[in-house]
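Because only heavy atoms are used, hydrogens play no part in the values below, and waters and symmetry mates are left out as well, while side chains stay in. In what follows, chains are A, B, ... by sequence order, proteins preceding strands, each numbered from 1.
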Protein chains: 2
Amino acid sequence: MTKKVREQFKNQLKAKQLKQTKPREIITDEIMSTKAGDHFTADDLWDRLRKKKKNISKATVYRTLNLLTQEKMIEEHDFGRGQSYYERMVERPHHDHIICVLCGKISEFHNEEIEKIQTNIAKKEKFTVYYHSHKLFGSCSKCSKKGA
Amino acid sequence: MTKKVREQFKNQLKAKQLKQTKPREIITDEIMSTKAGDHFTADDLWDRLRKKKKNISKATVYRTLNLLTQEKMIEEHDFGRGQSYYERMVERPHHDHIICVLCGKISEFHNEEIEKIQTNIAKKEKFTVYYHSHKLFGSCSKCSKKGA
DNA sequence: CTGTCTGCAAATCTTTTGCACCTAC
DNA sequence: GTAGGTGCAAAAGATTTGCAGACAG
């Protein structure tokens with residue numbers, strides 16, 4: 001996969017006259033090798049790279065994350081924890097999130113019916129949806145048991 | 001309304017052995033007098049109070065907003081603008097938001113069908129939903145016209 | 001009285017930015 | 001060669017916190 005992704009990214013950069021650099025390549029590779037559904041912060045990523053002796057400044061990590069978000073290769077999520085979480089979107093279908101506020105566990109859901117209704121709501125208002133965010137916050141089954 | 005709300009708040013404080021103070025009363029009154037659907041930041045509120053010669057420190061404004069959020073008298077929203085927006089929830093039914101990322105206009109929607117599906121999704125996972133957030137980001141009809 | 005609040009200023013924390021140097025194209 | 005990228009350290013901006021004095025119950 002990585003090879004294909006790298007090619008894709010390279011083309012996207014070229015199309016916008018942006019440069020393909022070592023840091024960008026390293027960061028992209030690292031992110032694309034995360035497993036599906038992995039949510040990480042800028043700091044997580046920076047730390048992972050540091051541990052692999054890839055010393056890239058935090059500023060560049062942030063700049064590249066913003067770039068990748070624009071390119072829609074990753075998505076930025078706010079799980080209400082005061083910092084952004086990112087998730088690889090290449091080869092991943094869109095989905096929404098269920099967040100346990102007790103243990104932090106995140107699961108996903110996707111429902112065509114909801115999406116359809118959503119589209120109709122927007123249409124009625126002549127509103128063009130660029131993206132949406134749908135999150136359920138609460139307690140997962142494990143934590144509910146513990147608390148009971 | 002304000003009188004009833006003040007009474008309610010007073011009781012909620014009493015139940016938790018918290019004190020009913022001047023600043024809390026002033027802030028609560030100010031918020032409860034906002035019109036339905038008004039979204040304001042901590043800074044907005046602080047500024048409004050300052051203009052009315054009610055000098056309350058920003059720290060207290062933040063502390064009281066957190067308190068009121070806990071008491072479910074207001075709701076905190078993240079519209080992706082780097083700061084929290086608050087909204088009076090007393091005498092307001094639950095609703096979700098549509099946010100124009102161009103002009104900042106916020107409208108509301110509520111759909112029973114979506115809520116029902118949501119509940120079923122959570123039930124299937126044995127997840128207890130405390131609260132949810134459902135937002136559509138995009139361009140409102142006015143802005144879409146301008147851009148076209 | 002005494003446990004809470006408040007105001008103030010300082011601290012915190014994440015993210016962004018200015019700038020000098022570097023490098024891809 | 002030059003526009004764009006990087007690293008560093010500083011700045012920014014929202015929110016929280018420590019502490020001393022004030023106050024509600």
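- Note on Ser84(A): a side-chain N or O is less than 4.0 Å away from OP1 or OP2 of dT15(C).
- Spacing between atom CG of Leu45(A) and atom P of dT14(C) amounts to 15 Å, rounded to whole angstrom units.
- The OG atom of Ser139(A) sits 11.0 Å away from atom NZ of Lys145(A), with the distance rounded to the nearest 0.5 Å.
- Within the 4.5 Å cutoff, side-chain heavy atoms of Asn55(B) are placed close to those of Arg50(B).
- Atom CD of Glu25(B) is separated from atom P of dC5(C) by 15 Å (rounded to the nearest Å).
- Within residues 63-73 of chain A, the residues approached by DNA chain C to less than 4.0 Å at the level of any non-hydrogen atom are Arg63(A), Asn66(A), in residue-number order.
- Heavy-atom nearest nucleotides on DNA chain D were determined for Lys22(B) and for Gly82(B), and the one closer to the 5' end corresponds to Gly82(B).
- Remark: the Lys58(B) side chain and the dG7(C) base include no donor-acceptor N/O pair separated by less than 3.5 Å.
- The side chain of Thr21(B) lies closest to dC5(C), out of dC5(C), dG7(C), dT14(C).
- Ring to ring, Tyr130(A) and Phe137(B) are not that close: their centroids are 6.0 angstrom or more apart.
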Inset, instruction - Report the C-alpha separation of Ile106(A) and Tyr85(A) in whole Å, then their side-chain angles, then the decisive distance to 0.1 Å, and conclude whether the side-chain contact (heavy atoms from CB on, under 4.5 Å) test is met. - result: CA-CA 11 Å; Ile106(A) 291 172; Tyr85(A) 281 76; 5.7 Å; no
Inset, instruction - Please test Lys124(B) against Phe109(A) for side-chain contact (heavy atoms from CB on, under 4.5 Å), starting from the C-alpha separation and ending with a verdict. - result: CA-CA 11 Å; Lys124(B) 217 173 287 173; Phe109(A) 71 94; over 6 Å; no
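- Nucleotides of DNA chain D with any atom under 4.0 Å from a heavy atom of chain B span, from 5' to 3', dA14(D) to dG25(D).
- Cation-pi geometry between Arg48(B) and Phe40(B) is satisfied (NZ or CZ under 6.0 Å from the ring centre, within 45° of the ring normal).
- Distance CD/Glu125(B) to OG/Ser107(A): 4.0 Å, rounded to 0.5 Å.
- Nucleotide dG7(C) holds its P atom 11 Å from the CZ atom of Arg24(B), rounded to whole Å.
- The nearest whole Å value for the distance from the CG atom in Asp43(A) to the C1' atom in dT15(C) is 12 Å.
- In this structure, Lys14(A) places its NZ atom 8 Å from P of dC25(C), rounding to the nearest Å.
- The distance from atom CD of Gln20(A) to atom NZ of Lys22(A), rounded to the nearest 0.5 Å, is 9.5 Å.
- Note on Asn55(A): only backbone sugar-phosphate atoms sit closer than 4.0 angstrom, heavy atoms only; bases stay farther off.
- Distance, Gln17(B) CD to dC5(C) P: 10 Å, rounded to whole Å.
- The distance from atom OH of Tyr62(A) to atom P of dT14(C) is 7 Å, rounded to the nearest whole Å.
- Closest non-hydrogen pair, Ile31(B) versus Thr34(B), comes out as O-OG1, 2.6 Å.
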